[in-house]
Number of protein chains: 2
Amino acid sequence: MIDIVKISKALSDPIRYKILLMLLNHKGCTSSQCETDMKGVCNCEIMEEFGMIQSRVSYHMKELCESGLVTEMPKGKWKYYTLKKEAIREYSKELGVIFQL
Amino acid sequence: MIDIVKISKALSDPIRYKILLMLLNHKGCTSSQCETDMKGVCNCEIMEEFGMIQSRVSYHMKELCESGLVTEMPKGKWKYYTLKKEAIREYSKELGVIFQL
DNA sequence: TGTTCATATCAAAAAAACTTGATATAATTT
DNA sequence: AAATTATATCAAGTTTTTTTGATATGAACA
């Protein structure tokens, strides 16, 4: 069952929210090192986009994955992240059920 | 315009979430002191329900009001709170728009 | 195999959120 | 007007979350 408080907490940090929007609008990695044909966003892109250090990105991506809003796909030494729209859909829907909207 | 991060933060505290559910299911104040014909929930009820001290309830109700999820109605020396379903509806809907669900 | 590169984890520091007890304000009642 | 009652606010303490720098792990490649 979906945990409203847990997902709300994941959404409640401005940086994490921006990362989610970035995942949503992602068109392909432009970073020279990474493989551009991967669907997800890699850590290096997020670091560049927001000027964040590596461990900070790692921390927030873990939070997002554990909330269920993001899926990670390891590929060699990289990791690619994709938005799990279904989780957001479930969250939005569940709010409607619980609060009888 | 509705602020996703702000509302998420309001929803991300377990106590506040429980208070919202309490407001949702409220049928009328059972507390002896208060006027039972008011639609909302008063502070004393919330204190009783969760065994919270007054200043703690006050703090969380302020958070909920400022997020827009709850409306307060002063009535004499009391204050009655009601759930603002419309705000939750907007939040849920806006998530759908932003994340193209 | 040893080096390099990407990510994970850890411990310490910093910041933010929450809780509490004391006091203030404001309406009500005696 | 004074005492009572409900809520607000404040400052201090506590807990949780976030950030950072250092180090560890694990894959890729020379």
Side-chain angles (χ1 to χ4, degrees), chain A residues 3 5-20 23 29-38 40-67 69-82, chain B residues 3 5-20 23 29-38 40-67 69-82:
Chain A
D3 184 335
V5 171
K6 192 166 144 191
I7 295 185
S8 299
K9 192 173 289 179
L11 284 168
S12 75
D13 181 275
I15 282 293
R16 283 196 295 265
Y17 182 68
K18 284 181 195 160
I19 292 174
L20 291 178
L23 296 191
C29 187
T30 52
S31 193
S32 48
Q33 310 95 317
C34 306
E35 327 208 354
T36 52
D37 58 342
M38 287 298 291
V41 172
C42 60
N43 281 278
C44 61
E45 279 185 285
I46 299 168
M47 289 170 66
E48 283 171 19
E49 177 76 15
F50 303 111
M52 291 164 72
I53 64 175
Q54 185 266 322
S55 62
R56 188 177 173 199
V57 171
S58 197
Y59 167 73
H60 284 298
M61 295 321 289
K62 190 179 181 189
E63 292 287 310
L64 286 172
C65 288
E66 286 181 349
S67 77
L69 291 175
V70 165
T71 308
E72 64 180 19
M73 296 180 297
K75 177 86 186 294
K77 62 182 170 181
W78 292 289
K79 225 164 212 184
Y80 293 89
Y81 301 98
T82 50
Chain B
D3 185 335
V5 172
K6 194 166 144 192
I7 295 184
S8 300
K9 193 173 289 178
L11 284 168
S12 75
D13 182 275
I15 281 292
R16 284 197 295 267
Y17 181 68
K18 283 181 195 162
I19 291 173
L20 290 178
L23 295 191
C29 187
T30 51
S31 191
S32 49
Q33 310 94 319
C34 306
E35 326 208 354
T36 51
D37 57 344
M38 288 297 291
V41 172
C42 60
N43 281 278
C44 59
E45 278 185 284
I46 299 169
M47 290 170 64
E48 283 171 19
E49 178 76 15
F50 303 110
M52 291 164 73
I53 65 176
Q54 185 267 320
S55 60
R56 188 177 172 199
V57 171
S58 198
Y59 167 73
H60 284 298
M61 295 320 289
K62 190 179 181 188
E63 293 286 311
L64 286 172
C65 288
E66 286 180 350
S67 76
L69 290 175
V70 164
T71 306
E72 64 179 18
M73 297 180 296
K75 177 87 187 292
K77 63 181 169 181
W78 293 288
K79 225 164 212 184
Y80 293 89
Y81 301 99
T82 49

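Order of the sequence lines fixes the chain letters, A, B, ..., with proteins taken first and strands second; residue numbering starts at 1 for each chain. Everything quoted here is computed from the prediction, not taken from an experiment.
- Counting only heavy atoms from C-beta on, Ser55(B) has its side chain closest to dG21(C) among dG21(C), dA6(C), dA27(C).
- The side chain of Ile53(B) lies closest to dT20(C) when the candidates are dT20(C), dT7(C), dT7(D).
- Across Trp78(A), Tyr81(A), Tyr80(A), a single residue satisfies side chain to side chain donor-acceptor pair (under 3.5 Å) together with Asn43(A), and that is Tyr81(A).
- Following rounding to the nearest Å, Lys77(A) (NZ) and dA27(D) (P) show an atom-to-atom distance of 12 Å.
- Residue-to-nucleotide proximity on DNA chain D shows that, of Gly76(A) and Arg16(A), the 5′-proximal contact is made by Arg16(A).
- Of the candidate nucleotides dT5(D), dA8(D), dA17(C), dA8(D) has the atom nearest to the side chain of Glu72(B).
- Checked against dC18(C), dT7(D), dT17(D), the side chain of Trp78(B) finds its nearest nucleotide in dT7(D).
- Side-chain contact between Ile15(A) and Arg56(A): present, with at least one pair of heavy atoms (C-beta onward) separated by less than 4.5 Å.
- Residue Lys75(B) contributes atom NZ, which lies 16 Å from atom C1' of dT5(D) at whole-angstrom precision.
- Atoms CE (Met52(B)) and C1' (dC18(C)) sit 10 Å apart, rounded to a whole Å.
- The shortest distance between the side-chain N/O atoms of Asn43(A) and the OP1/OP2 oxygens of dT7(C) is below 4.0 Å.
- Of the possible polar contacts, none joining the Ser58(B) side chain to the Ser55(B) backbone as a donor-acceptor pair under 3.5 Å is found.
- One finds no side-chain N or O of Lys62(B) lying less than 4.0 angstrom from the OP1 or OP2 phosphate oxygen of dA8(D).
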task: Report the C-alpha distance between Val41(B) and Ile19(B) in whole Å, list the side-chain angles of each, state the deciding distance to 0.1 Å, and finish with yes or no for side chain to side chain contact (heavy atoms under 4.5 Å, CB included).
output: CA-CA 10 Å; Val41(B) 172; Ile19(B) 291 173; over 6 Å; no
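- Between the C1' atom of dA27(D) and the CE atom of Met73(A) lies a distance of 18 Å, rounded to the nearest Å.
- With distances taken from any side-chain atom of Arg56(A) to the nucleotides dT28(C), dT19(D), dA6(C), the minimum falls on dT19(D).
- Side-chain atoms of Gln54(A) and base atoms of dA8(C) include a donor and an acceptor less than 3.5 Å apart.
- Listed nucleotides dA8(D), dT19(D), dT7(D) differ in distance to Ser58(B); the shortest reach to its side chain belongs to dA8(D).
- Candidate nucleotides dT7(D), dT18(D), dT7(C) were compared by shortest atom distance to the side chain of Lys79(A), and dT7(C) ranks first.
- The side chain of His60(A) contributes no N or O atom lying less than 4.0 Å from OP1 or OP2 of dT17(D).
- Whole-Å rounding puts the Phe50(B) CZ to dC18(C) P distance at 16 Å.
- For Met61(A) and dT18(D), the CE to C1' distance is 16 Å, given to the nearest whole Å.
- At whole-Å resolution of the value, OH in Tyr59(B) and P in dG21(C) are 17 Å apart.
- Here the side chains of Met61(A) and Lys79(A) are not in contact, with every heavy-atom distance at 4.5 Å or above.
- To the nearest angstrom, P of dT19(C) lies 10 Å from CD of Glu63(B).
- The closest side-chain heavy-atom distance from Leu11(B) to Ile7(A) is not below 4.5 Å.
- Contact annotation: Lys9(A) side-chain N/O to dT16(D) OP1/OP2 distance is not under 4.0 Å.
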